[in-house]
Structures are given as C-alpha cells and as structure tokens.
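Each chain gets a letter, A, B and so on, in the order the sequences are listed, and its residues count up from 1.
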2 protein chains.
Amino acid sequence: MMQLDATRTGYTQVDHTRMANAIRGLSMDAVEKAKSGHPGLPMGAADIATVLFTQFLKFDATAPAWPDRDRFVLSAGHGSMLLYSLLYLTGNSEMTLDQIKQFRQVNSLTPGHPENFRTKGIETTTGPLGQGISTAVGMALAEKMLAAEFGKKIVDHHTYVLASDGDLMEGVSQEAIAMAGHWKLNKLIVLYDDNGISIDGPTSLADSVDQVKRFKSAGWAAEKIDGHDQAAIADAITRAKKSNKPTLIACRTTIGFGAPNKAGTSKVHGEALGADELKAAKENLGIALEPFTVPDDVLKAWRAAGSRGASARQEWEARLGELGSRKRAEFERRLRHERPASLAKALRAHKKELLEKPLTAATRKSSEAAIEAIAAAMPMEFLAGSADLTGSNNNKAKSATAFSAKTPKGRFIHYGIREHGMAAAMNGIFLHGGFAPNGATFLVFTDYARPAMRLAALMGAGVVYVMTHDSIGLGEDGPTHQPVEHLAALRAIPNMRVFRPCDAIEVAECWELALNRVDGPTVLALTRQNLPQLRTTAPNDNPCAAGAYELVAAQGEAKVTLFASGSEVEIAVAAQKQLAERGVASRVVSVPSLELLLAQPEAKRAAIIGNAPVKIAIEAAVRWGWDAVIGQDGEFIGMHSFGESGPAKELYKHFGITAEAAVNAVLKRVS
Amino acid sequence: MMQLDATRTGYTQVDHTRMANAIRGLSMDAVEKAKSGHPGLPMGAADIATVLFTQFLKFDATAPAWPDRDRFVLSAGHGSMLLYSLLYLTGNSEMTLDQIKQFRQVNSLTPGHPENFRTKGIETTTGPLGQGISTAVGMALAEKMLAAEFGKKIVDHHTYVLASDGDLMEGVSQEAIAMAGHWKLNKLIVLYDDNGISIDGPTSLADSVDQVKRFKSAGWAAEKIDGHDQAAIADAITRAKKSNKPTLIACRTTIGFGAPNKAGTSKVHGEALGADELKAAKENLGIALEPFTVPDDVLKAWRAAGSRGASARQEWEARLGELGSRKRAEFERRLRHERPASLAKALRAHKKELLEKPLTAATRKSSEAAIEAIAAAMPMEFLAGSADLTGSNNNKAKSATAFSAKTPKGRFIHYGIREHGMAAAMNGIFLHGGFAPNGATFLVFTDYARPAMRLAALMGAGVVYVMTHDSIGLGEDGPTHQPVEHLAALRAIPNMRVFRPCDAIEVAECWELALNRVDGPTVLALTRQNLPQLRTTAPNDNPCAAGAYELVAAQGEAKVTLFASGSEVEIAVAAQKQLAERGVASRVVSVPSLELLLAQPEAKRAAIIGNAPVKIAIEAAVRWGWDAVIGQDGEFIGMHSFGESGPAKELYKHFGITAEAAVNAVLKRVS
C-alpha cells in the first residue's frame, strides 16, 4: 500500500487501517451473532468507506436530516453492516452498539438490508440490486435542480454511491447511468466495489463487461484504482469532485478482506465467517477478539470524523437565515413535502369550472387540464416527466420547459425509454426533497418499473405515476400494450394506491389525493379514449377519498348494484338506464380505488357496497380482487384473457364489456 | 449513395431501391388505411431489411418453421408493417395482401405489434421495447448449444435483430448484450436502426450514449454505417458474419425515409402520414399512387428472394436424413417440445422413493431432488440456470456443468445478476426449440423479470421459473427480499401458472405439470425453510393438476375447511389437529395453484372447495384472490403489509401466521 499523505488528511496510515478495521470487526461480529448476513462487502469496502467518511463526506452525525448533507447510498444493500458500523462509529444518536448486536432481528434498527423509513441516517432502502445507484441519480438530479433554484449557498452537496457487481449487472443501472451522463450530474460519484466475486463464484462466470469503458460510453468519467489504497481512493474522489461529468471509480477490492482463508471467495459473501475464521481474521487484522470491541482511540477518531461537518452545517444554517423569510419558508416547506395552500384553491377552482362547463375527454386529457391548474399553483415543485410518451401521457404543463444539463430550472423531464430508471429516479427525487415528482408511461409498462415502484411503496415515497392507456381501450396497439392484469397486480402491493378515475371531476379529486399523499406512491390509471363527465357535483369532502361512492342512486329500492371503475363507469351508467327501462332499480357505485374501498372501516365499506341482492362489477381487466366486493357469486364483466389489436370500440364488443352484456348478466339473476 | 456491387448481389441499384420502396409503399398504405400505426420505421429501415432479406437471411418463405432458418427478430415491434410487408413480398402463404389491408383489425394476421402465436413466419412477439433483442440472445444461445450437440450440418444459422433507440435505452438490453458478449454469440447480429428520433423528438432530448462504445465494452464488435447505403449494409453484415463476437451495426437512417415533409421527425413515428404527405411521399419515391400496389417485376424479385433458401433447405433435409434415425428422432422430438417417455418414469420412481423414505426439506431442496431425477431423464434438454443464486435456488443438477463459450454442452447457465435478461433469454431458448429452459431467482425478483414473463404467458412459451425464498419464511433478508404480493401479482397474469407446492411429493407433481406444459409458463414458488412431507400417496392422476385437492379429510362432518398453499399447509394440518382436539371437525385442502383451482369446471371447483360453513385460507402473502375461494366473509391468515427482517419462525409469530391464530379465528366462528 502507498503511504497516506498525512499533510492532507491529518491522520496517519495506522489510524486509517485501525479505523477501517473497526468496520470490519463490527461487521464480522454482527453477522456472526445473527448467524446471518453479508460480511464480505463491509470487510472489502471498509477502506473506501473510511476514506470517504473521514475525508470527504459532508455530514454531521448529530443531524442526519441536514438538507445540505452529502448523500451516501449503499447500493449494495446486502452490505448493510458497513452502513450500520459507520452510523455507530460516527455517532448517530440512535445507532447504539446494542442495535448492532440486534442485527437482523425483528424491530431492530439494523434489519438485513438498510431501511430509510426505519433508521435515521440511511438515505434510501436498498437490497434489490440496481436500485440504489438508480435512486441516487434522482437525488443528484434533485440537487442540481434545487441548487439552480435556491442557489449554491443553500444547495451544494454530492451524492456518493457504493455499488457492487450486481448493481452494475442489473439493467436498470444502464438506464440510470445513461440519464446521469446525459444530464451531466457531475456531483454524482459512484464507488464501484469491484471485488470480482458474486454469489455463484468469480464474476467471470457470467460477466466480461469493461465497466470503465461502459460508463465512459454513457458520458461518465471513469477510472480504476486499488480499493485498499487509501491515497488512491482519496485522489480519485478528489478528481471526481472536479470533473464536469458524473464519475465511476472502479475500486479493485478483496471481498472479505482480512479473512485469511475465505477472503477473495464467494464463501465470505453471504454467510457468517464461523468461529475459527472469525478468530483468524481478527488476529490477522489485529482486532481484539472480544466481540463488538472498538478501541477508545479509534472510536474517538471516528466520532471526530462524525462531527467534522458540524461547523459546515452551522455555517449553512446561517446562510439559510440570510435567504429571506419568504424564500426560506418556501425551501423548508418544500423539503417537508408540504403542499402550498394555493394547491387546494386551484383544484377547487378547476372543479368549479368543470361543473360549469363539463369536459368530455379521455382522462389523460382531463388529467392534463388538472395538471395545468396544479402546475400553476406549484410550478417549481411539480416535477413531471415521461418515458418518451409525453404527447400521449399528457402530463406536461404548457408552462413547463424541458429539464436539461443547461436548463436546470426546466420542470419536465424527458426520461427516455426508461420506465424503470424513471421510477427509481423519482424515488431519489422524493427522498432528496424539494419536489413532488410524477412520471408517466403506459399502464402496461408498470411491469418495467415495478421493482422501483415496490420500493416506493415500502419506503413510503409520495410519488405519482401517471399511467395512461389503461385498458384494451387503447385499441390497435394490441395485447402487448393492453394492460389486463396490471390493476390487480398494482393493487396487491401494500401501501400502493391505485386510482382509476371515471371522469374529469374524479381526475381532479384523485390528483388532489395523490399529491397530498406523502407517505406512499399513487398510480393514476387514465384512458386513451374519450369519456363523458358523469359527475354533477364536487363536494369538498372528496368522494374518491373513500375509494368508492354511490355515483347514481337507484330509483326505488335497488335490486342491483353496479360497481365500475374508470372508463367502465360510463358503461355502468348506461346499463343502469337500460335496467330502469325494464323496471329493475339499480345503483351505480364508482370505484376509483378498489383497495382503498376495501381498507375502509367495516361499517363504511358495507354502506358503500350496500345490500342489493345482485352485485355486478364492470372493469376492463381481470377479476382478481373484485370478489371481495361482489362476492364469489357476483357477476363480473371484464377480461378473461389478454387483449387483441383493433379499434377500441370493437374490442369492447369483442370482449363483451358493454352495457348490454351487463344488463343481460343482471337479468339472468333478477328475472 | 454508393453503387451496389452487382457482381455480388446479382441485382442492380434500381432493383434494390424499388424493392425497398415496395416495403415503404405497403407500410404507408396499411397505416393510412388503419388510421393507426407506425410508418416511420418501415420506411427508414426498408433498405436494411431489403439487403438482409435478399442477400443474407437464410429462409424459405414456403417453410417458415424450417429449424435451421436464420432468425429475424424485429425488436422494434411497432414497425410491424416492415415485417408484414416482408412476409407478403417474400411469399409467406398466409400473409396475403388482404391481410395487409386488415392491418391492426381484430382477428387479422397483422395486429399492431407482431405476434408469433398468431402469424407464421414471426419469430417472437415484440412491442415492449428491449424484449426482442433480449429474446434473440436466447435464440442465439440455443443455436450455439444445439449446434455443439447435433453438429453444424444440422444447426448452423444466424440470428438477426432489427433494434431501435428504445430497445437500446431499455435496461434489459444491457443485461442481454452483456450475456451475448460474455458467451461470444458471434452468430448474433444486431442492426440498430439509428434514426435519432423517438416519440418525444430527437433522441438527444434524453440520450447521449455512444452505442458503438457501449457494445464494445460488452465484448461486441460494433461499427457505424449509413443505413441507406445498401453496399455498406451488405459489407457490414459480411464482416459481422466473420466476426468471432456478436456484432452491432449501427445504421444511421432517416425515419420515414421518402416522406418529403415529415421524414426525420417524430411526426412520422407513430401515426398515419395523412393523404397529402402520403401522396407526396409516393411521388417522391416513385411509387404508384394506387394503394397497396406492388409492380409485378418487383414482386417477382421479392418472391425470388423468398424462395432463395429452398435449395439450402432441401440440402439440410438431406443432411438430417443422414443423421441416423435415433439422433434425428431425438432432434425432432426436442424441437416439438415433446418430453421423453423416460421423464414420467423417472418422476414416478422419484415419488415412489419419497413415499418409502419421506423427505423433510425446504421445497427448494426437494425441487433439487426432483431435478436430479428429471435431469437424468433429459440431460441435454433440461436447461437450468440462475441469476447468480445457484446455491440458494438449488436448480443445478449434479451432472450439469456450466455453459460457457468454450463449453457449449454445459447445461447450467450462470445468467449473472440479470433476472430480466434471464427471463427474456429463456423465451428465446424456448422459441428456438430444442430445450426445456428453467431459470431461477428469489420469488420477489420476479418483479425484475415481469415484462419478459408476461410475454412468455402471451406467447405461450413453456418455460419454468424456479422461484425460491417464496415468503417471509426467508427470514433475515427482510422486506426487500420477502415477497408478499407476488403470488397474487403472478396469478393475475393470464396463462401464467403459479404452483406453490407444500412438500416433496407436490414438488415432483408440480415439476411434472410444469415440464409438460408447453403452451405457457409456470412459476414454481419454493421455500427456503424446511417442511415436512405431508403426502402419503402419489396417485397417477396427479392431484396438483386440479390446482387443489383435499389433503386431509375431516373426521366426521366438516364444519371448517382450511385452505393453504406451500409452507402454510403444514400450519393448516397442525390447526386441523388442534381443532379436532376441541371437537371441531375440519378438512385441509392443499392449494398448490389457486388460479388453476378457479379455472376448474364449476362442479369440480365446488366439490374441492366444499360446503363447510367456515372457510379459512392460510397463506403468507396478501389476501388478493382468496375471496374467490373463501368468500368475502371467509377468514384469512396471511400478510397485510410488507414483511420484516428477522428469523423466519419469529416472523411467522410476529405476523400471526400460526396454527394457533388459525384455530382462534375458526373458534370465533364455530363456538
């Protein structure tokens, strides 16, 4: 190893090694105690992390939520003990040694993979590979945009990522690095823990990509270094901070560094070392054999590193004070994910206008109308984007200009044909704070974005997915583009809200609910095809908030309840009329959110569902989930297969999703 | 444009241009008539396609299923009129001009995006971007493996792909090209239609990746050419065929080539040209104004190109005849996706052994035992692989060796950390024929593979997903790795079969059903944790085939039916015993496949579900779908949120998924 330049870093070679070994020791011990976990990465990446956290990372361990902190994302989330060790060593107030000892136990702050919603000081939830690096792109993007808006005195921080082989093999990483390179996110620095080992063995079993060349092809700066050479690490980070491009630093490391027999093999990746190898590793590294021991002087050095940023933070707070009360309040409100008062007002006015002048339009178009109202109320925080379907998704406000490296105040993002990268970036944008991100594509392509959408639900990220072309109603593009199972598949994700509004008023109401939902993501499923405006009132209590409500009451005692969502509510209303002509009284319940209806208190749910003897649901999608409303013996008018290519109206007939079919199904029951 | 080397190609510059213009004319006309579709790509890529189909592609239009044909995959599936034009022009017997005129209409052979299950001569269903190129990797892989096994006299063809910007932006393309480069699939040639235009406008809005450098970093040969210069195209393909690497040919083209006002803009991407521009384009190109006109001499030249391969096919058939009857029968059986008789025998013997010597094991381990039996019966066609979780997924037979460029007879594929690329490659392997592919990862990561899995279901590809760690039972890895909604989300996909076997016997039965299902994909959801062997018989009619069956009858008239799948069947059996002790008779129904149960004829379904007054389902997952069995008022013991990190047994207690909880829920109802 090279000698450290003590004049620059202020501490000696011995300090570095002993500090890095503290990470190694805690990580080995915690995994050993849990009999579960991944010691290899923390041991291999300890040198990288030590250099980063002691010399570069701008943070104050006592204030993990400081808005202008540097972000550190452990994309290789399985190496969570690296992060927990760092939190403990640097002095995070909640991360006690006791928590480290509770590694991977129920209710601990130290779960198997890092969870930002559980543990302070963790920036994002990682574990599913590729997500961390892609989320970090969103964080770096948010930094760039917010810096352009509020100035570098208030927003000026870096985003560091520690990524593994697996992160870079996952396809989403390509989407992410292509975006970062295109946007010239020069404050994004990825440290690649290039240990050459994955679970199956040497990465050469499955991979021969030259990552330096690959990142360069995407507009990054990239270089290879020895990841155990602290001077080389420091030099590379210093270069990266000066680059006008995002930077990849491929750090050649030895997985399980220090373990005399298992280092450099897949055996040290994902299981405890075992008593013998643990002892040998500690002896080899010069670590006390007693578990969870950190020498006082080493802990002191780490704590000093952890408080290193305190003065910078205080200076930042002084600058924030100088910002002017209005701008400061705006900045702080934005970071709290609080909506401006003007939003509710704007949407009220929008709904009033719709009532006065009803809008027959596709819900993607009435969504566009709602967006005009919303963007006017929150022009700098409403951050829309599309995966190359801008003109089809209709989520670009007229006032919004395209974001680019040169136009960082643009508030519309052309994500390219990268649904997964878009969704992951949106997570990062939300987690960074300052924006209400929404991203758009066709509903069927939620399949591409699903891993990042699931993480949004798990983390409680208040992002909005504008998913248009939400059924066979998209017509001629055919079954590859027609979602039939996607509503069910999305509703099944815990904490995911799916809205499928039936008209322009519901669209406005669902947008309002979506934007005010800052503890979880919302899907807006919108049509390609035109729909009439069915609603004639827009009460302040927002009927969509209960997931469903009676849209049209029965004339007389209802023998039938017709449930429908989105474009099929029109069909339900038509069926209701036809039934009335035949003397059958029925009510129509609009169900913009099935899972929200099912989550209502039992009495409320029962009241909405009602007790008409015949229950029928109409949705141009598969039946999954509807039995909870209509019962096993309920009638269902919907899809039982994939779709077909053809004009939308013909497809509805072809698949029997019509008022006539609904009426016939009902008449079988009531006659 | 350069002059074509007539000595090599045998036809003149004029011929080429007029032949290419036939594609342009048909494509413009069909889109115009449908008032829907994508003229830009067929017009832009017509020169590339004409060179490929007239000079290189080995095919016989009269025999689109010839096993040794070159494969042509239109990854940019939205340009389907390119493919339909080529099928018609080259003389595909079903692709009449009338079908071209029915473009994008219900029941036509010319749907919006190419569907291999509908239209002969189409290799795979494309449209969702990135899938075609990734599926093609599987085809080229299958070719390499099959050639190594049966010899180059029988298997020696290329796989050509026409890919768009969007294909290369999608992350899955990175997974695919990394695999192809690593495996040195030199017979894979990707023609990249580099027209610089996507839906939102110039690709420079969202992208600045240097694709040539990117592909080179993944071990490909790559070059840029003028995609309207037929000599350059031919030269590049000639070079590609000689390369020892897969090749990317980035063909700079003009989207909508020939349309005087709209060419080179996003306006020509996805909508009809309109009457004026159509007329102007035809005049510009020298095409007859009358719609759907192909001059006789041009059609004749195309038909000659289409029958060009007839003699090669006849020679191949002669070589096949010389192969020896046994090897030939094997080859043909394999391509028909027929299983060897030895498979059923092997599984019968395996089940017999299990009955004699019951196996308490995780179902991933009993799956491994089944695989040993299966691989012995079909060692060369059972093609397993894992996305870097081989030791955890347990789907590698002991006899299987790793596939690599140098060991093409290896029958275990290390896919790397590329779930999506794996699933897409498996589609290609299946479509190519010759193998029964199965691929493995954790169940939660089906989210990553979902777009390719959906395509498998749509296409009816008989692939098997070995998805282990199928619940909170995986323990300490925590909620990022614990599927809770995935069973529901997969069951919702039409034509997707999901099996969650409860013990070693059910595992063998489900494997048998999965391998014999050649018209659709199957998910095997398997546990990490140990399970007892509950079954004491293994009848020949395979009880799992109905999706569910009574595992343990009630002693006396059942007041309760306990439904459960997989690891929770053990809990149901324990609950049954506890209930019996309290005098409550109950039956246990094992539900290895919920959606298969629901698909049974009504009488059969009703008989299995039974009419015990209390119905309770136990599954360590969300409730979605179960109401169809237990009713709205049924009891459900399962998950209502994401999971947690902790030891499996503690998690089951933490989330209340225990026999005690089931008993208590039942007693509330029956007491």
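Chain A forms the most heavy-atom pairs under 4.5 Å with one residue out of A489(B), A402(B), P451(B), and that residue is P451(B). In terms of heavy-atom pairs under 4.5 angstrom with chain B, the leader among G181(A), S198(A), S204(A), A621(A) is S198(A). Chosen from D633(B), D447(B), N495(B), the residue pairing most often with chain A at heavy-atom distances under 4.5 Å is D447(B). Each of G37(B), A34(B), P128(B), G646(B) has some count of heavy-atom pairs under 4.5 Å with chain A, and the biggest count is that of P128(B). Chain B forms the most heavy-atom pairs under 4.5 Å with one residue out of P479(A), G391(A), A218(A), G219(A), and that residue is P479(A). When each of G625(A), G478(A), G634(A), S266(A) is checked for heavy-atom pairs under 4.5 Å with chain B, G625(A) comes out on top. Of all the listed residues (V106(B), L651(B), D477(B)), the one sharing the greatest number of non-hydrogen pairs under 4.5 Å with chain A is D477(B). Annotation: maximal heavy-atom pairing with chain B below 4.5 Å, among R623(A), E650(A), H640(A), E419(A), occurs at E419(A). The candidate from W624(B), F442(B), F215(B), F403(B) with the greatest count of non-hydrogen atom pairs under 4.5 Å with chain A is W624(B). Counting heavy-atom pairs closer than 4.5 Å to chain B, the top residue among H38(A), Q131(A), Q102(A) is Q131(A). Each of P647(B), S208(B), G416(B), A387(B) has some count of heavy-atom pairs under 4.5 Å with chain A, and the biggest count is that of S208(B). Interface check for chain B: of the options H486(A), M639(A), M179(A), the most heavy-atom pairs under 4.5 Å are formed by H486(A).
Proximity to chain A is absent for every atom of T446(B), based on heavy atoms less than 4.5 angstrom apart. Both the backbone and the side chain of T390(A) come within contact range of chain B, each with at least one heavy atom under 4.5 Å from a heavy atom of that chain. A628(A) touches chain B through backbone and side chain together, each having a heavy atom under 4.5 Å away. With a 4.5 angstrom heavy-atom cutoff, A488(B) touches chain A only via side-chain atoms. For F445(B), the part sitting under 4.5 Å from any heavy atom of chain A is the side chain, from C-beta outward, and nothing else. In this structure, chain B has heavy atoms under 4.5 Å from both the backbone and the side chain of R491(A). Only the backbone of Q482(A) comes within contact range of chain B, with heavy atoms under 4.5 Å apart. When heavy atoms are compared at a cutoff of 4.5 Å, S173(B) does not approach chain A at all. For V212(A), no part sits under 4.5 Å from any heavy atom of chain B, backbone or side chain. Heavy-atom distances place the side chain of T125(B), and not its backbone, under 4.5 Å from chain A. With a threshold of 4.5 angstrom between heavy atoms, S404(B) does not approach chain A through any atom at all. Both the backbone and the side chain of E595(A) come within contact range of chain B, each with at least one heavy atom under 4.5 Å from a heavy atom of that chain. Within the 4.5 angstrom heavy-atom criterion, no atom of L490(A) approaches chain B. Contacts between V622(A) and chain B at a heavy-atom distance below 4.5 Å involve the side chain alone, from C-beta outward. For L455(A), the part lying near chain B is the side chain, with the backbone staying farther off; criterion is any non-hydrogen pair under 4.5 Å. Looking at P483(A), the atoms closer than 4.5 Å to chain B (heavy atoms on both sides) all sit in the backbone: N, CA, C or O. Contacts between Q105(A) and chain B at a heavy-atom distance below 4.5 Å involve backbone atoms as well as side-chain atoms. The contact between A457(A) and chain B is made by backbone and side chain atoms together, counting heavy-atom distances below 4.5 Å. Looking at S392(A), neither its backbone nor its side chain comes within 4.5 Å of chain B, counting heavy atoms on both sides.
Taking the six-membered ring where the residue is Trp, H481(A) and H113(B) present parallel rings, their angle staying beneath 30° rather than reaching 60°.
Ion pair R454(A)/E485(B) flagged as a salt bridge, since at least one NZ, NE, NH1 or NH2 atom sits closer than 4.0 Å to an Asp/Glu carboxylate oxygen. Between E644(B) and R104(A) there is no salt bridge, since no side-chain N of the basic residue sits under 4.0 Å from a carboxylate O of the acidic one.
Of all non-hydrogen atoms in I417(A) and E170(B), the two that sit nearest each other are CG2-OE2, 3.2 Å. Closest approach of F642(B) to I493(A), counting heavy atoms only: CZ-CG2, 4.0 Å. Considering every non-hydrogen atom in both L389(A) and D200(B), the closest pair reads N-OD1, 3.6 Å. Contact record, A206(A) with R418(B): O-NH1, 3.0 Å, taken as the closest heavy-atom pair. Across all their heavy atoms, A178(B) and V209(A) have their closest contact at CB-CG2, 3.6 Å. Minimum interatomic distance between S641(A) and P494(B) (heavy atoms only, all atoms of both residues): C-CG, 3.9 Å.
Within the 3.5 Å criterion, the main-chain N or O of P111(A) finds no donor-acceptor partner in the side chain of S645(B). Formation of a donor-acceptor pair under 3.5 Å by the E476(B) side chain with backbone atoms of S36(A) is not found in this model. In terms of modelled atom types and a separation under 3.5 Å, the side chain of D388(B) and the main chain of I199(A) share a donor-acceptor contact. A donor-acceptor contact shorter than 3.5 Å is absent between the side chain of Y448(B) and the backbone of V172(A).
No hydrogens or angles considered: nothing links the side chains of S217(B) and D210(A) as a donor-acceptor pair under 3.5 Å. Side chain to side chain, D207(A) and H182(B) fail the donor-acceptor criterion of an N or O pair below 3.5 Å.
The OG1 atom of T480(A) sits 7.0 Å away from atom CD of E115(B), with the distance rounded to the nearest 0.5 Å. To the nearest 0.5 Å, atom CD of residue Q632(B) and atom CG of residue L598(A) are 9.0 Å apart. If you take CG on L205(A) and CZ on F412(B), they are separated by 10.0 Å, rounding to the nearest 0.5 Å.
The shortest side-chain heavy-atom distance between R214(A) and Q174(B) falls under the 4.5 Å cut-off.
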